[in-house]
Peer 1: 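What follows is a structure written as structure tokens; I'll ask about it next.
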There are 2 protein chains.
Amino acid sequence: MTVTSVHDPSHREALWELEDAFERGDLISVFGRCTVSYEGRAASDLGAGDRLLVLKPDGAALVHTDEGRQPVNWQPPGSEHHAAVRGGQLRVRSTRTNPDETLTVRFERVHHLSAMAVTGGRDLTLHGSEEDLRTRILERPELVEPGFEPRETERPSSAGPMDVFGVDADGTPVVVELKRRRVGPDAVGQLARYVRALKEELGADERDGDDPPTVRGVLVAPSITDRAAERLADRGFDHVALEPTPEE
Amino acid sequence: MTVTSVHDPSHREALWELEDAFERGDLISVFGRCTVSYEGRAASDLGAGDRLLVLKPDGAALVHTDEGRQPVNWQPPGSEHHAAVRGGQLRVRSTRTNPDETLTVRFERVHHLSAMAVTGGRDLTLHGSEEDLRTRILERPELVEPGFEPRETERPSSAGPMDVFGVDADGTPVVVELKRRRVGPDAVGQLARYVRALKEELGADERDGDDPPTVRGVLVAPSITDRAAERLADRGFDHVALEPTPEE
DNA sequence: GACTTGATTTCGGAG
DNA sequence: CTCCGAAGTCAAGTC
């Protein structure tokens, strides 16, 4: 592991260091005053200001200001970085194809540049995802409702794969839609599509009426918005309040 | 503008610099070997490895590896940064409430730390957004279809505001849903909700049948997926292929 | 490749 | 504050 670092370099010095760092496959951090322009899926321009430019060996480029989790401008992985001195500025350009897009950062002044080779240690273990919620339900189906029996996960349908498919205590088919957090109306629409697709597939009676539905829909989520609850009630579906992980 | 930079500092040195930088409201970049743990909306752990930690004065914290546009771990703006030396490690912790979540980065070694005061120059001008598409249609309604007359944008409905509301050459109400890029089935569902809400509001005949629909739905997007086209046809809606900006 | 969906989505706007 | 939908969403898995 070696760190390169230059303070207040000339454009030409910065250029050398950048090209060496590209060559080594380093992770690069550049502080400086720059303008940024992007052209591709959309187009944008950003006037002069102090920012942090991060360049990754996989082609990703990030321009960060002092605010926000999101970079103000960026280029996705798979791009190629190029640097040059043009018109008294240090120009760093990241380009990719499919779609064609280019990010150009023009430094009028580089305050600091550092670079480091980075390898390994990229595996993140994450708990509390939707998959954890599915696991939890498969292990304890009664959390959905007494008598619920899961039959299949990711069951295919014409509307796409449904999260969990099973039957209730009466043997009625149940489509379960899982969400790891509070949901809005869109989740109800998604559930409705699965239920409709399954009804069609099973040749079930599609009439609305006093007859109990032949396919049930259950939305499992920690909580739902009022509008989602309305739409859920309209469709005759149920909500089960459940966290992706047991309460501490 | 001043840049602070320390190379291979001791934990205590790094701590001093960090606390000064917090005080100054600097944008901070730290290279080092660290472990990362997160607990909040979910929970995660990341083993030892070389990474780049970015700390922003607005409370945002980003842990970047050598790959990907996304940070491997992060904390949103509004958090508070704290640093301390504990157990022979430099511990940087970002905490926020609502929801309660904490990101902890433990450095066993800091390779490089730099910090810079950053102000201003945060305004990005972006072209090619959905709003540009709306503007384009309002200026040239015939791009939707000959005789189309926009009447209102963001027209409220019980299903939320619709992008563009207008009437066609026959005076039939038209709900227009705008998407700046290729869309899937979800957009059709969204459009359907608006159309349904408007039909109810207008007290229009909701029967499906051979009667022409009393409210039309038009999806304006550069292109749509096959499944979206199916659902569009099911509902009797139309697709108009249009880019958010004129072709170059 | 296109397509679909989840995400610690983030972000901005409206109520 | 909550709710809602856009985003240059990104990223992963499937087909």
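Per chain, numbering begins at 1; letters A, B, ... match sequence-line order. The figures that follow rest on heavy atoms only: side chains count, while hydrogens, waters and symmetry mates do not.
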Peer 1: Given C/dT8, C/dT5, D/dC4, which nucleotide is nearest the side-chain atoms of A/Q190?
Peer 2: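 The answer is C/dT5, which lies nearest to the side chain.
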
Peer 1: What distance, rounded to whole Å, do you find between the two C1' atoms, one in C/dT8 and one in D/dT14?
Peer 2: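 Each nucleotide's C1' atom is 25 Å from the other's.
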
Peer 1: Between B/R106 and B/E108, is there a side-chain N and carboxylate O pair less than 4.0 Å apart?
Peer 2: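 Salt bridge absent between B/R106 and B/E108.
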
Peer 1: Using only modelled atom types and a 3.5 angstrom limit, is any donor from either the side chain of A/E101 or the base of D/dG8 paired with an acceptor on the other?
Peer 2: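 Such a pair exists between side chain and base.
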
Peer 1: Taking 4.0 Å as the cut-off, does a side-chain nitrogen or oxygen of B/W74 come that near to OP1 or OP2 on C/dT9?
Peer 2: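 Answer is no, no contact under 4.0 Å.
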
Peer 1: May I have the distance from B/L133 (atom CG) to D/dA7 (atom P), rounded to whole angstrom?
Peer 2: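 After rounding, the gap between these two atoms is 9 Å.
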
Peer 1: Counting only Watson-Crick pairs (N1-N3 plus N6-O4 or O6-N4) and G-U wobbles (N1-O2, O6-N3), all under 3.5 Å, who is the partner of D/dG8?
Peer 2: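 Here D/dG8 is not engaged in any pair, so there is no nucleotide opposite it.
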
Peer 1: In terms of side-chain geometry, is the basic nitrogen of A/E130 or A/R136 positioned less than 4.0 Å from the acidic oxygen of its partner?
Peer 2: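 No, this pair does not count.
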
Peer 1: Without decimals, in angstroms, what is the distance between A/Q70 CD and C/dC11 P?
Peer 2: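 About 5 Å, once rounded to whole Å.
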
Peer 1: Looking at A/T225, does any N or O in its side chain come under 4.0 Å of the phosphate oxygens OP1/OP2 on D/dC4?
Peer 2: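 True: A/T225 side-chain N/O within range (under 4.0 Å) of D/dC4 OP1/OP2.
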
Peer 1: Any Lys/Arg nitrogen of A/E177 or A/K179 sitting under 4.0 Å from an Asp/Glu carboxylate oxygen of the other?
Peer 2: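 Salt bridge between A/E177 and A/K179, a charged N being under 4.0 Å from a carboxylate O: yes.
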
Peer 1: If the cut-off is 4.0 Å, is B/R41 near the phosphate of C/dA7, judged by side-chain N/O to OP1 or OP2?
Peer 2: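 No, because none of the side-chain N or O atoms of B/R41 sits under 4.0 Å from OP1 or OP2 of C/dA7.
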
Peer 1: Quick test of your reading of the model: are B/R134 and B/E154 salt-bridged, counting only N-O distances below 4.0 Å?
Peer 2: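 Salt bridge present between B/R134 and B/E154.
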
Peer 1: For the C1' atoms, the ones on D/dC10 and on D/dA6, what distance do you get once it is rounded to whole angstrom?
Peer 2: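 14 Å, rounded to whole Å.
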
Peer 1: Give the rounded distance in Å between these two atoms: CG of B/D163 and C1' of C/dA14.
Peer 2: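 Rounded to whole Å, this separation is 15 Å.
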
Peer 1: Return no unless some side-chain N or O of A/N98 is found under 4.0 Å from OP1 or OP2 of C/dG1.
Peer 2: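 Affirmative; the distance criterion is met.
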
Peer 1: Does the side chain of A/Y194 get closer than 4.0 angstrom to OP1 or OP2 of C/dT4 through an N or O atom?
Peer 2: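 No, because none of the side-chain N or O atoms of A/Y194 sits under 4.0 Å from OP1 or OP2 of C/dT4.
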
Peer 1: Within a radius of less than 6.0 Å around CD of B/Q89, do more than 12 heavy atoms belonging to other residues, nucleotides or ligands occur?
Peer 2: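 Correct, the count exceeds 12.
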
Peer 1: Whole angstroms only, please: what is the CD-C1' distance between B/E130 and D/dA7?
Peer 2: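 Checked: the CD to C1' distance equals 10 Å.
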
Peer 1: Under 4.0 Å between a side-chain N/O of B/R180 and OP1 or OP2 of D/dT9, yes or no?
Peer 2: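 Indeed, a polar side-chain atom of B/R180 lies that close.
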
Peer 1: Which part of the nucleic acid does B/G68 contact within heavy-atom distance under 4.0 Å: base, sugar-phosphate only, or nothing?
Peer 2: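 Sugar-phosphate only.
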
Peer 1: Does a side-chain N or O of B/R69 approach OP1 or OP2 of D/dA7 to a distance below 4.0 Å, or not?
Peer 2: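 Answer no for this pair, as no side-chain N or O of B/R69 is under 4.0 Å from OP1 or OP2.
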
Peer 1: For A/S44, answer base if it contacts any base atom (sugar-phosphate contacts may also be present), sugar-phosphate if it contacts only those atoms, and nothing otherwise; contact means non-hydrogen atoms under 4.0 Å.
Peer 2: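 Here A/S44 touches no strand at all.
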
Peer 1: So, are A/R216 and A/D238 salt-bridged, with charged N and O less than 4.0 Å apart?
Peer 2: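 Result for this pair is yes, salt bridge flagged.
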
Peer 1: Base, sugar-phosphate or nothing for A/A159? Non-hydrogen atoms, less than 4.0 Å.
Peer 2: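 Result for A/A159 = sugar-phosphate.
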
Peer 1: Could you check whether B/R193 gets within reach of a base, just the sugar-phosphate, or nothing at all, counting any heavy atom under 4.0 Å?
Peer 2: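 It contacts sugar-phosphate atoms only.
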
Peer 1: Can you measure A/E177 atom CD to C/dT4 atom C1' for me and round it to whole angstrom units?
Peer 2: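 Rounded to the whole Å, the gap is 13 Å.
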
Peer 1: Starting at the 5' end of DNA chain D, which residue's closest nucleotide do you reach first, B/E131 or A/R227?
Peer 2: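 With B/E131 and A/R227 compared, the 5'-side residue is A/R227.
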
Peer 1: Expressed in angstrom and rounded to an integer, what is the separation of B/L126 atom CG from D/dA7 atom C1'?
Peer 2: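 In whole Å, D/dA7 C1' lies 9 Å from B/L126 CG.
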
Peer 1: For C/dA2, does OP1 or OP2 lie under 4.0 Å from any side-chain N or O of B/R181?
Peer 2: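 B/R181 to C/dA2 OP1/OP2: no side-chain N or O under 4.0 Å.
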
Peer 1: Flag the pair A/R96 and A/E101 as a salt bridge only when some basic side-chain nitrogen lies within less than 4.0 angstrom of an acidic carboxylate oxygen.
Peer 2: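 So A/R96 pairs with A/E101 through a salt bridge.
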
Peer 1: Measure CG/B/L191 against P/D/dG5 and give the value in whole Å, please.
Peer 2: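 Atom CG in B/L191 sits about 13 Å away from atom P in D/dG5.
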
Peer 1: Please tell me which of B/A42 and B/D226 maps to the more 5' nucleotide of DNA chain C, matching each residue to the nucleotide holding its nearest heavy atom.
Peer 2: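 Result: B/D226.
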
Peer 1: With a 4.0 Å cut-off on heavy atoms, is A/P76 in touch with a base, just the backbone sugar-phosphate, or nothing at all?
Peer 2: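 It contacts base atoms.
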
Peer 1: Separation of B/R182 atom CZ from D/dT9 atom P, in whole Å?
Peer 2: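 Result: 14 Å.
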
Peer 1: Hey, is the side chain of B/N73 pairing donor to acceptor with the base of C/dT8 inside 3.5 Å?
Peer 2: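 Such a pair exists between side chain and base.
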
